Amino acid sequence: MRILGIESSCDETAAAVVDGVSQRVLSSVVASQVELHVEYGGVVPEIASRAHVERILPVIRSSLTDAGLSLIDIDAVAVGHRPGLVGSLLVGVSAAKALAWSLGKPLIGVDHVHAHLAAGLLDLDVGGAGQDLFPAIGLVISGGHTSLYRMESLTQLQRLGATIDDAIGEAYDKAATILGLPYPGGPKLDELAESDGADDRAVDLPISRLGRESLDFSFSGLKTALLYEVRGVPRPRNQGGGYPDDAPPMTDERRRDLAASFQRACARAVLLKLERALAAIPGCRGLLVGGGVSANTRLRRELAQLADAHGLTLRLPAMPYCIDNAAMIAGLGARLLAEGRVDDLSLTPVPTTAC
Ligand code: KG4
Ligand code: ZN
């Protein structure tokens with residue numbers, strides 16, 4: 001059972017072929033648009049959808065070539081149809097519908113956020129079923145989402161909490177900009193924070209706990225705290241407003257230490273909510289993590305320690321499957337197909353996640 005996955009929800013045009021039963025990735029092609037958006041410091045939706053239109057067919061073709069297959073070898077077409085930028089999603093959904101219809105194969109609409117949780121089960125030698133994992137906590141940490149789930153399986157999940165403002169990856173990218181690192185700054189901030197001599201206690205940045213039992217996240221206060229640390233606390237308007245002139249100069253050492261302090265605060269915020277979620281899920285056996293920020297060095301280390309301490313089976317994606325990709329779409333698509341959850345040609349892009 002070979003599933004062709006298609007992904008175009010944001011600024012990555014991707015296609016992949018996955019063996020549905022073993023969850024082995026036969027090919028995975030990702031065409032990044034970073035160079036198109038860099039001068040704007042963020043994704044420009046119009047530019048993104050135009051670039052998807054130009055790239056989608058060559059990317060699909062490459063995914064088939066890399067897998068050594070042709071279209072007639074494909075058994076089903078899975079596509080990320082929610083959440084995302086509607087103009088971007090539309091490109092992948094239209095391509096998937098056209099292919100499924102012309103091949104006479106099933107079409108499967110996949111929730112992109114949920115697919116991030118399936119990424120850690122790709123290319124494992126355990127058949128990918130992972131039944132010993134559940135009930136599990138699901139944690140999606142990406143540029144657009146920061147959410148916690150209670151999972152009974154990869155296809156049965158309930159959201160326990162989510163960010164009430166910035167997603168963690170968004171906070172990383174903004175923090176990187178504040179520190180003068182180029183876009184997209186998350187990976188660069190991570191590298192700096194882990195570099196030799198970095199002092200993660202140089203500055204004690206605040207984390208948002210929200211309510212005593214809240215499983216929601218908030219990162220905008222942390223980002224603002226970093227901004228004030230760098231530029232000073234703005235003067236009140238009746239004193240002329242603006243930032244003070246006596247903020248300490250930004251040296252390489254200070255930038256490195258602020259990056260490490262920010263990285264520490266993010267990890268503390270995530271770990272705190274995971275501890276709370278564990279308390280809310282008695283008998284929890286697994287921890288599934290996905291999204292671009294699951295590539296973060298410190299988080300990967302601390303998630304492994306947490307899983308160890310609580311006897312949880314941890315499933316972290318391999319590096320290529322942390323960021324947006326189509327293998328995770330095909331992987332989850334295969335599981336939905338096995339449950340008979342297929343779509344017809346009325347499938348449409350939806351800007352929000354299903355839960
Ligand atoms: O999952 P993803 O590709 O896109 C969304 O679905 O949002 O995540 C991209 C995000 C960006 O914000 C990027 O800066 C962040 O993941 N990211 C990282 C790291 N690698 C990627 N953030 C922190 N540390 C990293 N190593
Ligand atoms: Zn994503």
Side-chain angles (χ1 to χ4, degrees), residues 5-14 16 28 30-34 37-38 41-43 45 48 79-85 88-89 92 110-120 138-147 162-163 166-179 181-195 198 200 217 219 222-223 226 259-267 269-270 288-303 316-329 331-332 351-354:
I6 297 177
E7 156 63 32
S8 68
S9 65
C10 189
D11 60 340
E12 247 91 45
T13 319
S28 178
V30 181
S32 166
Q33 300 180 6
V34 165
H37 303 286
V38 72
V43 176
V79 60
H81 79 113
R82 70 187 307 172
L85 302 167
S88 290
L89 288 167
V110 174
D111 187 300
H112 171 101
V113 180
H114 301 174
H116 272 303
L117 296 170
L139 171 70
V140 178
I141 38 179
S142 74
H145 298 271
T146 308
S147 306
T163 182
D166 290 353
I168 184 169
E170 193 183 348
Y172 254 96
D173 293 337
K174 288 176 180 166
T177 303
I178 292 168
L179 293 177
L181 302 171
Y183 169 87
K188 297 187 184 80
L189 195 158
D190 178 14
E191 197 184 325
L192 194 58
E194 296 293 315
S195 61
D200 66 357
F217 298 88
F219 290 99
L222 170 58
K223 176 195 68 191
L226 180 72
S261 301
F262 179 84
Q263 176 121 303
R264 172 169 175 263
C266 284
V270 170
L288 282 76
V289 186
V293 186
S294 63
N296 185 264
T297 316
R298 181 168 188 148
L299 271 172
R300 287 178 89 88
R301 200 163 58 226
E302 296 201 7
L303 290 169
L316 274 171
M319 284 300 178
Y321 310 132
C322 289
I323 56 153
D324 288 348
N325 66 88
M328 67 184 196
I329 301 288
L332 184 54
T352 54
T353 178

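Numbering of ligands and ligand atoms starts at 1, following listing order. Since this is a predicted model, take the numbers as computed values, not measurements. By convention here, the first residue in the shown sequence is residue 1.
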Next item on the list: Starting from atom 26 (N) of ligand 1, locate the nearest protein heavy atom and write down its residue, its atom name and how far away it is, to 0.1 Å.
Entry: Asp190 OD2, 2.9 Å
Next item on the list: Provide the number and element of each atom of ligand 1 under 4.0 Å from a heavy atom of His116.
Entry: 1 (O), 6 (O)
Check: ligand 1 versus Ile323, non-hydrogen atoms closer than 4.0 Å: side chain, backbone, both, neither?
Finding: both
Check: Would you say Cys10 reaches the Zn ion (ligand 2) with an N/O/S atom under 2.8 Å?
Finding: no
Next item on the list: State, yes or no, whether a side-chain contact exists between Val289 and Ile141 at a heavy-atom distance under 4.5 Å.
Entry: yes
Margin query: Nearest 0.5 angstrom please: Asp111 CG to His116 NE2, how far?
Written below: 10.0 Å
Next item on the list: Distance to 0.1 Å, residue and atom name: give those for the protein heavy atom nearest to atom 14 (O) of ligand 1.
Entry: Asp173 OD1, 2.6 Å
Note to self: For a side chain to side chain contact (heavy atoms under 4.5 Å, CB included) check, start with the C-alpha distance between Tyr321 and Val30, then their side-chain angles and the critical distance, and finish with the verdict.
What the structure shows: CA-CA 10 Å; Tyr321 310 132; Val30 181; over 6 Å; no
Check: So do Ile178 and Phe262 actually touch side chain to side chain, heavy atoms under 4.5 Å?
Finding: no
Next item on the list: Would you kindly specify which portion of Asn296 sits under 4.0 Å from ligand 1, judged on non-hydrogen atoms: side chain, backbone, both or neither?
Entry: both
Check: Tell me, which protein residue and heavy-atom name are nearest atom 15 (C) of ligand 1, and how many Å apart are they?
Finding: Val293 CG2, 3.9 Å
Margin query: Which residue is it: Asp190, Val140, Thr146, Ile168? I am looking for the one with a side-chain contact (heavy atoms from CB on, under 4.5 Å) to Val293.
Written below: Ile168
Item checked: From Leu332 atom CG to Met328 atom CE, the distance as rounded to the nearest 0.5 Å -> 9.5 Å
Margin query: How long is the straight-line distance from OG1 of Thr163 back to CD of Glu170, given to the nearest 0.5 Å?
Written below: 8.0 Å
Item checked: Whether Phe219 and Phe217 hold their rings parallel, tilted or perpendicular, with breakpoints at 30° and 60° -> parallel
Notebook entry, point to check: Under 4.0 Å from any heavy atom of Gly169, which atoms of ligand 1 are there?
Noted result: 12 (O)
Margin query: Report whether any nitrogen, oxygen or sulfur of His145 sits less than 2.8 Å from the Zn ion (ligand 2) (N, O or S, backbone or side chain).
Written below: no
Item checked: Option from His145, Glu7, Arg82, His81 for which side-chain hydrogen bond (donor to acceptor under 3.5 Å, both in side chains) with His112 holds -> Glu7
Next item on the list: Could you check atom 3 (O) of ligand 1 against the protein and tell me its nearest heavy-atom contact, residue, atom and distance included?
Entry: Asp324 N, 3.0 Å
Next item on the list: Determine which of the N, O or S atoms in Asp324 is closest to the Zn ion (ligand 2) and give its atom name.
Entry: OD1
Margin query: Using a plain distance cutoff, I'd like to know if Pro187 has any nitrogen or oxygen under 3.5 Å from a nitrogen or oxygen of ligand 1.
Written below: no
Margin query: Please list, in number order, the atoms of ligand 1 under 4.0 Å from a heavy atom of His112.
Written below: 6 (O)
Margin query: Between Ser9 (side chain only) and Gly84 (backbone N and O only), is there a donor and an acceptor less than 3.5 Å apart?
Written below: no
Note to self: With a heavy-atom distance limit of 4.0 Å, tell me whether His145 approaches ligand 1 through its side chain, its backbone, both, or neither.
What the structure shows: neither
Next item on the list: Return yes or no for this condition: an N or O of Glu12 is under 3.5 Å from an N or O of ligand 1.
Entry: no
Note to self: Please list the nearest protein heavy atom to atom 10 (C) of ligand 1 with its residue and the distance rounded to 0.1 Å.
What the structure shows: Gly143 N, 3.5 Å
Note to self: Between ligand 1 and Gly144, is the shortest N or O to N or O distance under 3.5 Å?
What the structure shows: yes
Notebook entry, point to check: Which is closest to atom 16 (O) of ligand 1 in terms of heavy atoms, Ala176, Pro317, Gly292?
Noted result: Gly292
Notebook entry, point to check: About how many Å separate CD of Glu302 and CD of Gln263, when rounded to the nearest 0.5 Å?
Noted result: 9.0 Å
Notebook entry, point to check: Closest to the Zn ion (ligand 2), which N/O/S atom of His112 is it?
Noted result: NE2
Notebook entry, point to check: Purely on distance, is any nitrogen or oxygen of Gly185 under 3.5 Å from one on ligand 1?
Noted result: no
Note to self: I need the Ser294 OG to Met319 CE distance, nearest 0.5 Å.
What the structure shows: 8.0 Å
